[in-house]
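So the structure is just underneath, and the comments pick up after that.
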Amino acid sequence: MRFLERERAALTKLLPGLDDSLSAVPLMSLEAPESPGIRLFRESGGPGLLAPQSLQGRGATALDAVRVQRALGSRSPSLAVATTMHHFSMATLVGLSDTGEGLEWMLVQAVASENRLVASGFAEGRSGTGILSPTMSATPTPEGVRITGVKRPCSLARSMDLLTASVMIPCEDGGGRELAVALIPADSPGLDVSGFWSSSYLAGAESDQVMLDNVLVPPELLVRTASPAGARLDEVQTIGLVWFELLMTGSYLGAASALVERVLLNDRVPDAERVGLLVAVEGAMAAAEGLARRVDEGAPDESTLADSLYVRYTVQDALTRIVPRAVELLGGLNFMASDEVGYLAACANGLALHPPSRTRMTGPLAAYLADAPLTVA
């Protein structure tokens, strides 16, 4: 089997035509702020990748999804990172229901059937908070809830149809407050998108600033959790974080794989060097696939979350060895002839920049190994 054949076959099966469309566009065009990548993803049915087939989605398994993200990362790291945030929101919405009924499933079906893009306004980037910890204020009104706050960076900011955000609202029975997930249409009055991402790297992910100023969200776009901060919310946070770590790991493996692919196609590189790189990157992918298979076996729990962090940090370490070696083997002429080699090398190191960082998780993981509950710093 040729390198990346399995991943690109999964992409072609689930999102027909997307791999061919992406491969026809130069890498640096896909990575530019005006990249066509997100549009091509939408047109191929990508928004419904994780939605069940019963809800007009593609019904991808976790194993399918991590392979798709690696394939996307090999074509466009920006697109892989941006779409991971969409899938993160979708996985969280799916995780909010275990009955197959209710508003959240209607929303999932609408996203899948209408190819809507969902940006994440969750708190995954804020240290010391869970992914659903509210970062925006909410004021109840007779018409719904008015939300004020800001999310930056927010991938898919300029192409999104909906923004997800977590808010605390009064319980329907009047007894205290509960967490809810708000789905906010991108064209809502009071929602504004402005520039934030000034780096040239991953500019195609549209990671800009989204500001909400007294934005009205009607009751039908609020998914109540019926719990303040109990076990059910912990379960949803766990599911969301596992999917986040899994798909982000696959995405950056894809960026590194784009470099490795260039080495493997270069006959001037000795076989021993090519095989050495192949073994290293496929071993890293095998770890990610092992995690994906565990997710497919059942709802992720605390131990699955711990495994997702082990795998993510293992792959992170592997990339620090794979990427520099690939650049060295490609040689100075390849580096000087275009921006692609240097660009891919820089992007592949981005996995280390996503939360939760290994430094902040050292204490919680040490405590977890001593039989304490796992916390995310």
Side-chain angles (χ1 to χ4, degrees), residues 1-23 37-38 40-77 79-95 100 105 108-109 111-113 115-118 238-258 281-300 304-305 307-308 311-312 315 351:
M1 179 175 286
R2 292 184 179 275
F3 186 61
L4 293 177
E5 181 178 347
R6 177 179 52 203
E7 288 78 7
R8 287 171 179 161
L11 176 57
T12 297
K13 176 183 176 182
L14 289 161
L15 306 178
L18 181 55
D19 189 55
D20 288 340
S21 297
L22 293 173
S23 64
I38 293 173
L40 294 171
F41 174 81
R42 188 201 297 268
E43 291 173 353
S44 72
L49 183 68
L50 298 188
Q53 291 182 339
S54 61
L55 298 177
Q56 301 182 41
R58 301 304 168 102
T61 64
L63 183 60
D64 290 331
V66 74
R67 288 175 174 173
V68 165
Q69 291 309 111
R70 187 188 185 189
L72 288 183
S74 73
R75 298 298 191 195
S76 171
L79 180 61
V81 170
T83 56
T84 289
M85 300 313 300
H86 167 88
H87 299 318
F88 170 45
S89 294
M90 287 290 283
T92 302
L93 282 174
V94 172
W105 287 93
V108 169
Q109 183 174 36
V111 169
S113 63
N115 282 325
R116 297 182 180 181
L117 288 169
V118 184
T238 297
I239 292 170
L241 273 172
V242 169
W243 277 97
F244 175 83
E245 298 297 337
L246 173 65
L247 298 186
M248 203 59 85
T249 296
S251 296
Y252 284 102
L253 263 170
S257 297
V281 75
E282 291 298 80
M285 184 60 183
E289 288 189 342
L291 173 63
R293 287 187 171 93
R294 184 169 180 190
V295 172
D296 285 333
E297 289 173 357
T304 316
L305 176 56
D307 282 352
S308 76
V311 168
R312 176 259 177 96
V315 172
L351 182 58

[X]: which residues meet the side chain to side chain donor-acceptor pair (under 3.5 Å) condition with it, sequence neighbours left out?
X     : answer
Ser89 : Thr164
Thr61 : Asp64
Arg58 : none
Gln53 : none

Sequence neighbours left out, what passes side chain to side chain contact (heavy atoms under 4.5 Å, CB included) with [X]? Give chain and number order.
X      : result
Asp20  : none
Ser251 : Gln69, Ala80, Thr84
Ala292 : Ala62, Leu63, Val66, Leu246
Ser21  : Leu40

So which heavy atom on [X] is nearest to which on [Y], and how close?
X      : Y      : result
Leu22  : Gly37  : CD2-CA, 4.3 Å
Trp243 : Ala65  : CZ3-CB, 4.0 Å
Thr238 : Pro300 : CG2-O, 3.8 Å
Ala112 : Ala51  : CB-CB, 3.8 Å

Fill in: Results of salt bridge (charged side-chain N to carboxylate O under 4.0 Å, His left out) for Arg293 - residues two or more places apart only
Glu289
Worksheet item: Residues two or more places apart in sequence or in another chain: which of them pass salt bridge (charged side-chain N to carboxylate O under 4.0 Å, His left out) with Glu43?
Response: Arg39
Taking [X] for its side chain and [Y] for its backbone only, find out whether a donor-acceptor pair lies under 3.5 Å.
X     : Y      : answer
Arg42 : Asn115 : yes
His87 : Leu49  : no
Thr12 : Ala9   : no

Non-hydrogen side-chain atoms of [X] and [Y] separated by less than 4.5 Å:
X      : Y      : value
Trp105 : Leu55  : yes
Arg8   : Ser74  : yes
Val311 : Ser308 : no
Ile239 : Thr92  : no
Tyr252 : Val81  : yes

Item to complete: Just grab all the salt bridge (charged side-chain N to carboxylate O under 4.0 Å, His left out) pairs involving residues 81-95, residues at least two apart or on different chains.
Response: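 Qualifying pairs, neighbours excluded: none.
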Item to complete: Only pairs at least two apart or in different chains count here, so list each salt bridge (charged side-chain N to carboxylate O under 4.0 Å, His left out) that has a residue in residues 240-249.
Response: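 For residues 240-249: Glu245-Arg312.
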Worksheet item: To the nearest 0.5 Å, what is the distance between CG (Leu291) and OG1 (Thr304)?
Response: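 Spacing of CG (Leu291) from OG1 (Thr304) equals 7.5 Å.
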Discussion item. If we check salt bridge (Lys or Arg N to Asp or Glu O under 4.0 Å) with Asp19, which of these qualifies: Arg70, Arg75, Lys13?
Written reply: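 Single salt bridge (Lys or Arg N to Asp or Glu O under 4.0 Å) partner of Asp19 among Arg70, Arg75, Lys13: Arg75.
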